[in-house]
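Since this is a predicted model, take the numbers as computed values, not measurements. Because only heavy atoms are used, hydrogens play no part in the values below, and waters and symmetry mates are left out as well, while side chains stay in. Counting starts at 1 for both ligands and their atoms, in listed order.
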Amino acid sequence: MKRIGVLALQGAVREHVQMLESLGCEAVLVKQANDLEQLDGLVLPGGESTTMRKLLNRYELLEPIRTVAKQGLPMFGTCAGLILLAKELVDYESHLAVMDVVVARNSYGRQVDSFEVKLDIPEIGAAIPAVFIRAPHIVSVGEGVEVLAEHDGKIVLAKDDHLLGCSFHPELTSDARILEYFVSSMV
Ligand SMILES: NC(=O)CC[C@H](N)C(=O)O
């Protein structure tokens, strides 16, 4: 059974745990550095990246997560989790800075803070529901980074080798295909 950690400091933790369990994985809550031992993959959930960063500092998790990312541990960052992974952020300092993408926060304006769309993702499937909540987007990607989905002319899902990041919340729908893609083809 694959052991997948879920960073459990803040945000949509329980939904990821449930979806991982529905895919037959063991989900491990990651709250301190030794929880990272013997994981096959790690999910960084959505929530609020500034708050998460404060908690990553407080629980001394930033450097340990960066280290395992650099060692090749597969990671999937959703929404705020993508912001944590990005090498560069527009107007903010980066956090883990491991995924070769530039990300802008809160990209979809106030009137439409939250919305759901269906995405056709050639690698994964058609009409996959995606919930955007004060969502970021990927402004540009480095060489070798695969763009897997765009919405409204903006990159919303990309893969940099063992690191996958999306703008939206796949775990807030009942469609597990993106998480399944991560678990079955990257972990
Ligand atoms: N749903 C989310 O994860 C929103 C991300 C949030 N706007 C941030 O900047 O961290």
Side-chain angles (χ1 to χ4, degrees), residues 4-20 27 29-31 41-59 61-62 65-66 69 74-119 121 124 128-141 147-160 163-179 181-182:
I4 312 290
V6 180
L7 181 65
L9 300 177
Q10 191 261 340
V13 175
R14 188 183 317 161
E15 292 83 353
H16 270 298
V17 167
Q18 283 168 353
M19 206 173 246
L20 285 165
L29 296 179
V30 172
K31 294 182 174 173
L42 177 65
V43 170
L44 308 173
E48 217 292 313
S49 56
T50 311
T51 307
M52 283 187 192
R53 173 56 188 268
K54 285 188 188 138
L55 295 170
L56 284 168
N57 289 349
R58 184 179 311 163
Y59 294 101
L61 266 168
L62 191 75
I65 294 177
R66 187 181 286 142
M75 292 191 187
F76 181 21
T78 62
C79 204
L82 164 68
I83 295 171
L84 295 181
L85 287 174
K87 259 198 185 142
E88 209 179 302
L89 300 178
V90 176
D91 295 335
Y92 296 92
E93 271 181 40
S94 60
H95 305 294
L96 294 164
V98 288
M99 180 174 178
D100 196 3
V101 290
V102 179
V103 167
R105 295 176 66 191
N106 303 326
S107 310
Y108 291 90
R110 273 167 199 248
Q111 320 80 301
V112 284
D113 273 348
S114 183
F115 58 95
E116 184 173 330
V117 297
K118 299 253 197 281
L119 297 174
I121 308 175
I124 303 177
I128 299 182
V131 177
F132 289 75
I133 304 170
R134 292 183 56 71
H137 82 285
I138 298 172
V139 177
S140 63
V141 301
V147 173
L148 299 179
E150 294 186 27
H151 169 65
D152 235 0
K154 294 182 167 126
I155 302 169
V156 296
L157 175 66
K159 178 174 180 289
D160 179 8
L163 304 174
L164 183 68
C166 68
S167 296
F168 49 88
H169 290 262
E171 78 289 1
L172 298 184
T173 74
S174 56
D175 191 318
R177 282 178 287 174
I178 299 180
L179 202 59
Y181 167 82
F182 171 67

- request: Check whether any heavy atom of H169 sits under 4.0 Å from an atom of ligand 1.
  value: yes

- prompt: How far is atom 10 (O) of ligand 1 from its nearest protein heavy atom, and which residue and atom is that?
  reply: S49 N, 2.6 Å

Option set A12, G11, A135, G47, criterion heavy-atom distance to atom 6 (C) of ligand 1, minimum: G47

query: Which heavy-atom pair separates V98 from D160 by the least distance, and what is that distance?
result: O-OD2, 4.1 Å

field: Distance-only polar pair, side chains of H151 and S167, donor-acceptor under 3.5 Å
entry: no

- prompt: Parallel, tilted or perpendicular: which describes the rings of F168 and F132, with under 30° parallel and over 60° perpendicular?
  reply: tilted

statement: Shortest non-hydrogen pair, H16 vs T78, comes out as NE2-OG1, 3.3 Å

task: Would you mind checking which non-hydrogen protein atom is closest to atom 2 (C) of ligand 1, with the distance to 0.1 Å?
output: C79 SG, 2.7 Å

field: Nearest non-hydrogen protein atom, atom 9 (O) of ligand 1
entry: R105 NE, 2.6 Å

task: Would you indicate whether K154, at its atom NZ, is surrounded by more than 12 heavy atoms from other residues, nucleotides or ligands within a distance under 6.0 Å?
output: yes

- prompt: Which ligand 1 atoms does N106 reach within 4.0 Å, using its non-hydrogen atoms?
  reply: 7 (N)

message: At under 4.0 Å between heavy atoms, is it the side chain or the backbone of I83 that contacts ligand 1, or both, or neither?
response: side chain

task: Using a strict 4.0 Å cut-off to heavy atoms of G46, name the atoms of ligand 1 that fall inside it.
output: 3 (O)

statement: In ligand 1, the atoms that come under 4.0 Å of a heavy atom of I133 are 1 (N), 2 (C), 4 (C)

task: Indicate yes or no for a side-chain donor-acceptor contact from R53 to the backbone of L84 under 3.5 Å, with no hydrogens or angles considered.
output: no

message: Parallel, tilted or perpendicular: which one describes the rings of F76 and F182, with boundaries at 30° and 60°?
response: tilted

